[in-house]
Each structure stands twice: as structure tokens, then as C-alpha cells.
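The structure appears below as C-alpha cells.
All values below were derived from every heavy atom in this structure, side-chain atoms included, with hydrogens, water molecules and symmetry-related copies excluded.
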Amino acid sequence: FLFYSDTLELVLEATKGLSEDAVGKIKIKIDEGIIGWSARKNQVIAIKNVSFDPRYKPLPNTGDENFVSLLLVPIVDKGELLGVMRIQTVEVHDFTEEEINTLSTIANQIGGAIRNAKLYSTTDNRLKEMSILYEVGKLITSTLNLDELLDRIVRASATVCEAKAATIWLMDTLKKELRNRVEYNFESINDKDFLVTEEIAYEVAIDKKSKSIPAMICVPLISKNKIIGTICVYEKLPKDGKTPSIFDSDDIRALEILASQAAISIENARLFENVTEAQKKIKDTHEQLVRSEKLIALGEIFPTQDILMIL
């Protein structure tokens, strides 16, 4: 059993003797049963006959009822609980001190191996995450067209978090309200009960604090301490194509990093859009002034009726 601190659960991850179908499906809260007791107390537990121990709860649909004696050894590394090793016998067995010491040594070795595997996995995931964010950063800073930029950001948000869909809400500075500006793959969402409403998006924006549930993350878009909107992603894609996945702290961090880059790009695109619009107005005004000056000049040379004929 491996321990997951985010859910406070011990999950059956490998077995020999129990049903293989139970792997990944049997989950025990740390305050449940004798396995939870061993983990919580960091205590080795040897039971000659489990039927006489009130803490014991058989694992359903595993074949657990075929075993009589039980030894539980916590897997701990540097004071951190990583899991519990569970040894069972079909016949009544009184575990000796030598057996317990041997299995405790094995558990310590397993703890070190698990820690190293987790460290490698975390490092590898961080490298992949930073690589993706680097590529995303190049992508969203390569255009100043606001509509094109928003489309790139919403797609990149889904990619970074391995999400099925995403949305971007932008703040209307005049009306002081958020508008759902762009959506990606929205029609594919299975459960629309957890969709971010304007009220939730506004709460995230005003509080400047990310909000998440297993099937949704919403993070604020902040540029120079100014709220410009939010990015939301929905339904993490299954890793095996079937089993539902949930967003975790790594996904939240990745989306927050992306949002910080995106907010600056959005502000730059808005500034460019405003400057372009202002330049167009100046050009239109200039052309209008030129036309007016021409009319005035013509009026000084020709009578009004002749000007009308010329026009």
C-alpha cells in the first residue's frame, strides 16, 4: 500500500496473493482499519489470527478472507510515511522477532527506493513542465493580434494541464464585469455542473487567488498587480484513456505560471490594439482636415456653384 498525502489514503499498488484486479481500486483512509492504524502510529503490527482483532477489516473482492495471520510494517523514509507493507499467511503463523526485523529492514530499503523514484519522477515532470511552458511562452509572445493571442492561450492552457476544455474570462474595465471571451473544446465537457460561472470567475479575479476542485482549476490573470481576467480548465484527460484523472497541485502551479506570462501578453496586445485604433483615428481626422482645407481653398478661387460642379 502506498500513502497519498493529498487524499490521506493508502492505495493498494502491488500484490502477490490477492486479486490483481484490486490494484489501484482498494483505498483505505489513514484513520480506517488496522492498516490505517499501523500507518498512523508508525507501528509494526503482528497478528496471529485476524479474526480476533477488532481493528481488522477484510479487503472486499480481493481474496483477503483466505488468510489468517497478518504482519504490517510501515514504509517510512526520513520520517515521512510512504506506505505500508502487508504480509499474510494462509495458516496460523506466529511471526518471530527475526522475521519482523528482516521485513522491517526490507521496508526501509523499499522506502529509500520509493523516495528515489518519486524524486526522479518529480524532477522529470518539472523538466517536462518547464519545457512545455517555455514553448508556450514563445507561442503567446509571437503575436499582438488579441483574438489570435487569446485562442493560443486557451489552447495552451488545456495542453499544459492535460485538460479537456478551457475558457478565458476578461475584465470589462468600463462596466467592471467579466465576460467569457473565448472557449476551447467546451462542447466535450461531460459534467457541466462544475462549470465556472461569472460569479466564481469574478471571485477568483477579485481575490487574486486560484480556485480548484478535482475537475476544474480557475486562476487569475494579473499584470502589474492589475486584474485583467481569469483562465479556467476543465476535466483532466485520463492517463490510460479510460480511468478519470484529477487535477493536482502541479497542474495548478503550471497554469499559474502560464497565466502570469499570458497576462503580460494580453496587456501588450490590448495596448497595441489601442495604439492602432488611435493611429487610425488620427489618420481619419487628418484626411478629413485635408479634404476640408481643399474645399476652403477651392472656395477662395471658384464661386460655390463652380465648386459643386467640380465635386
Side-chain angles (χ1 to χ4, degrees), residues 124-172 178-198 200-202 204-205 208-223 226-273 276:
D124 188 50
N125 288 340
R126 290 284 174 85
L127 286 173
K128 289 179 181 177
E129 177 185 293
M130 295 311 296
S131 176
I132 291 173
L133 288 171
Y134 172 72
E135 294 300 325
V136 166
K138 289 198 300 182
L139 183 68
I140 65 179
T141 54
S142 62
T143 181
L144 287 171
N145 181 286
L146 185 58
D147 290 333
E148 183 181 350
L149 175 64
L150 292 174
D151 183 66
R152 291 184 182 186
I153 293 171
V154 76
R155 290 173 180 271
S157 300
T159 299
V160 166
C161 296
E162 298 179 335
K164 185 180 289 186
T167 59
I168 294 178
W169 295 72
L170 290 185
M171 182 71 76
D172 186 324
L178 285 170
R179 293 192 300 116
N180 190 345
R181 180 64 186 269
V182 62
E183 299 175 348
Y184 167 69
N185 207 24
F186 217 59
E187 67 283 352
S188 69
I189 298 175
N190 296 321
D191 187 356
K192 292 187 168 54
D193 289 340
F194 57 79
L195 293 182
V196 172
T197 61
E198 183 181 347
I200 295 175
Y202 193 80
V204 169
K208 297 182 181 180
K209 186 176 181 181
S210 301
K211 185 181 183 69
S212 68
I213 58 175
M216 179 277 293
I217 304 173
C218 189
V219 303
L221 284 164
I222 305 172
S223 178
K226 173 187 173 185
I227 284 293
I228 63 174
T230 63
I231 301 178
C232 309
V233 295
Y234 308 93
E235 291 189 6
K236 191 172 179 70
L237 294 170
K239 295 185 181 300
D240 58 3
K242 297 178 181 179
T243 309
S245 297
I246 61 174
F247 293 115
D248 56 24
S249 57
D250 289 338
D251 295 313
I252 297 172
R253 184 179 64 255
L255 191 59
E256 287 175 340
I257 293 172
L258 186 149
S260 65
Q261 293 178 313
I264 296 171
S265 296
I266 291 171
E267 279 294 271
N268 289 340
R270 277 179 162 177
L271 179 61
F272 178 77
E273 194 176 67
T276 302

Under the side chain to side chain contact (heavy atoms under 4.5 Å, CB included) criterion, do Trp169 and Tyr202 qualify, and how do the steps go?
-> CA-CA 9 Å; Trp169 295 72; Tyr202 193 80; over 6 Å; no

Side chain to side chain contact (heavy atoms under 4.5 Å, CB included) between Phe247 and Leu255, worked out = CA-CA 11 Å; Phe247 293 115; Leu255 191 59; over 6 Å; no

Using every non-hydrogen atom in the two residues, find where [X] and [Y] come nearest and quote the distance to one decimal.
| X | Y | answer |
| --- | --- | --- |
| Arg155 | Tyr184 | NH1-CE1, 3.4 Å |
| Leu221 | Ala262 | CD2-CB, 4.0 Å |
| Val219 | Ala259 | CG2-CB, 3.8 Å |
| Ala254 | Val160 | CB-CG1, 3.5 Å |
| Cys218 | Val204 | O-CG1, 3.8 Å |
| Pro220 | Lys209 | CG-N, 3.9 Å |

Under the side chain to side chain contact (heavy atoms under 4.5 Å, CB included) rule, what do Ser157 and Leu258 come out as? Steps first, then yes or no, please.
-> CA-CA 7 Å; Ser157 300; Leu258 186 149; 3.6 Å; yes

Salt bridge check: are Arg181 and Asp147 linked by an N-O gap of less than 4.0 Å?
-> yes

Are [X] and [Y] side-chain neighbours, meaning at least one heavy-atom pair lies under 4.5 Å?
| X | Y | answer |
| --- | --- | --- |
| Glu187 | Asn185 | yes |
| Leu170 | Arg179 | no |
| Leu149 | Asn268 | no |
| Ile231 | Val154 | no |

Measuring from [X]:[atom1] to [Y]:[atom2], what's the distance to the nearest 0.5 Å?
| X | Y | atom1 | atom2 | answer |
| --- | --- | --- | --- | --- |
| Ser223 | Ile228 | OG | CD1 | 5.5 Å |
| Ile257 | Ile252 | CD1 | CD1 | 12.0 Å |
| Leu271 | Leu146 | CG | CG | 11.5 Å |
| Lys236 | Ile217 | NZ | CD1 | 7.5 Å |
| Asp250 | Glu162 | CG | CD | 10.5 Å |

Under the salt bridge (Lys or Arg N to Asp or Glu O under 4.0 Å) test, which residues partner Lys208, sequence neighbours left out?
-> none

Partners passing salt bridge (Lys or Arg N to Asp or Glu O under 4.0 Å) against Glu267 (at least two apart in sequence or in another chain) | Lys226, Arg270

Report the C-alpha separation of Ile264 and Ser260 in whole Å, then their side-chain angles, then the decisive distance to 0.1 Å, and conclude whether the side chain to side chain contact (heavy atoms under 4.5 Å, CB included) test is met.
-> CA-CA 7 Å; Ile264 296 171; Ser260 65; over 6 Å; no

Side-chain donor/acceptor of Asp151 to backbone N/O of Glu148, under 3.5 Å | no

